[in-house]
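These figures come from a predicted structure and were not determined experimentally. Just so it is clear: chains get the letters A, B, ... in the order the sequence lines come, proteins before strands, and each one is counted from 1.
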Number of protein chains: 2
Amino acid sequence: MSLIFSRQCEYALQAVLYLALKPHNEMTSIKELTRRLDIPYHFLAKILQDLTRKGLLSSLKGPTGGFALGMPAKDITLFHIVEAIDGVDFMHSCVMGFPECTGKNPCAVHEKWAGLRDGIYTMLVSKNIAEMAKNMRKPEYQSA
Amino acid sequence: MSLIFSRQCEYALQAVLYLALKPHNEMTSIKELTRRLDIPYHFLAKILQDLTRKGLLSSLKGPTGGFALGMPAKDITLFHIVEAIDGVDFMHSCVMGFPECTGKNPCAVHEKWAGLRDGIYTMLVSKNIAEMAKNMRKPEYQSA
DNA sequence: GAATATTCGGATATTTTAGTCTTAATATAA
DNA sequence: TTATATTAAGACTAAAATATCCGAATATTC
Ligand code: FES
Ligand code: FES
C-alpha cells in the first residue's frame, strides 16, 4: 500500500525533482529518468505527458528531445505536483473515513489529524523544488 | 482515494469504536453496524471475521448473536486495529515512494515526514478505544 | 424438533489502480 | 530526403482493492 499519495504521484514527485536538478532548458528523456529512478517506462511516460498537459513540464519530440520543467523551479512546490496528479481531497478528508471532516462533528482524532495534515501541507509548500532537490540524499540523484 | 489507511481499515476503525460504546458482552449484529455506519454489509462481515480471527473481536452465531470486543476496551488502541488490517509498513515507508526510508539516505522531506509519522503513531496509541469512542461527535455514535 | 436469525467460508464480480503495447506524430541529423 | 530517436495518444492487460453472493454451520426460540 502506498501511503497518502498514489504510486503515480510518488513517481511524479521523484521525476520532477530529478528534472529540477538539471540545467535550465536541458531536455531529459524518459529513458534516462526510468533508468535512474527505476520507474516502469510506459507508466512514467503517461505521467509525464499528464504533467506536461497541465503545464508543469514542457516536452520536445525527436532526438535531443525529452522533458524539462515548464516553469522556473522556484515557482514549483511539491504541492503543485500532488495537486496535479492526486488532487487535494486529502486536505479535507477524515482520516477514519467518515464522510465529513469538520470541527462541527469531529471524529475521535480530528483535532490531532487536523494538526498533522497542516504539517503535511507545510512539508509540501515550505520549499520550492530547487531547494527540495538539493536536499535529496538519494544515490539516484547524485550527479544528475 | 483513501488516505493512509485502506477503506477496509477505515471501516474497521469505525466499527470497533462503535462496539467500544456498547456494554460489556452485549452482542451487536452486522445489520446494526451497517445500518448505523453505512458500510456495505458483506464487506463489513468479512472485516469483522478477520478481526475476530485475530482476537480483537469475539463473535456468536444465531439469534442474539453478533460481535463484541475480544478484550477489554482499555487494552485496545486504534493502532492495534490498523496493525491487524493494514499492517504497519506505513511506519517505516518513504512518503515519496523511495524504496528505503532511513536517516542514512533521506529524501527531501524525510525529516519532516519522520516527525509527522511519529505524530500519527501518537495519535493512534495515545488513548484506548473506550476514551476514543467517547470523543466521537458523529451522529452515528449517539445513543449507540 | 422446526423455524429462524445470525456468523463463517469461500467463490465470484466489479471497480480502481498500475502497467504494457502499438501506432502515429515530430524533430534531428546524416 | 531518409533514417532515427524521441514524445503523444489511446487501446489493452494485469493486479489489487472493493464489494457481492451463496450455501453451510450454529445458536436461539418456539
Ligand atoms: S472528522 Fe475525522 S479527521 Fe476530521
Ligand atoms: S526517505 Fe523519504 S520519508 Fe524517509
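Nucleotide dA17(D) holds its C1' atom 14 Å from the CG atom of Asp50(B), rounded to whole Å. Between the CG atom of Leu37(B) and the P atom of dA19(D) there is a distance of 14 Å, given to the nearest Å. Atom CD1 of Ile30(A) is separated from atom C1' of dC21(C) by 14 Å (rounded to the nearest Å). The interatomic distance linking Gln49(A) (CD) with dA25(C) (C1') rounds to 12 Å, in whole Å. The distance between atom CZ of Phe43(B) and atom C1' of dG10(C), rounded to the nearest whole Å, is 16 Å. Distance, Asp89(A) CG to dT16(C) P: 14 Å, rounded to whole Å. In this structure, Ile85(B) atom CD1 and dA17(D) atom P are separated by 13 Å, rounded to whole Å. One interatomic measurement links the two molecules: OH of Tyr41(A) to P of dT13(D), which rounds to 22 Å at whole-angstrom precision.
Atom CG of Asp118(B) has more than 12 heavy atoms from other residues, nucleotides or ligands within 6.0 Å.
Tyr41(B) pairs by the ring-ring contact (aromatic ring centres under 6.0 Å, His included) definition with nothing, not counting sequence neighbours. Applying the salt bridge (Lys or Arg N to Asp or Glu O under 4.0 Å) test to Lys54(A) and every residue at least two apart in sequence or in another chain returns Asp50(A).
Residue Arg53(A) places no side-chain N or O under 4.0 Å from the OP1 or OP2 atom of dA8(D).
With respect to Arg35(A) and Glu32(A), no salt bridge is recorded, no charged nitrogen being found less than 4.0 Å from a carboxylate O.
With hydrogens and angles ignored, the 3.5 Å screen pairs no side-chain donor or acceptor of Lys74(B) with any backbone N or O of Ala130(B). Under a 3.5 Å cut-off, the side chain of His80(A) and the backbone N or O of Thr77(A) do form a donor-acceptor pair.
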Mark up nucleotides 21-30 of chain D, 5' to 3', with B wherever a protein heavy atom is under 4.0 angstrom from a base atom, S wherever such an atom reaches only the sugar-phosphate, and - elsewhere.
B---BBBB--
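In the set dA8(D), dA18(C), dG19(C), dG19(C) carries the atom at the smallest distance from any side-chain atom of Pro40(A).
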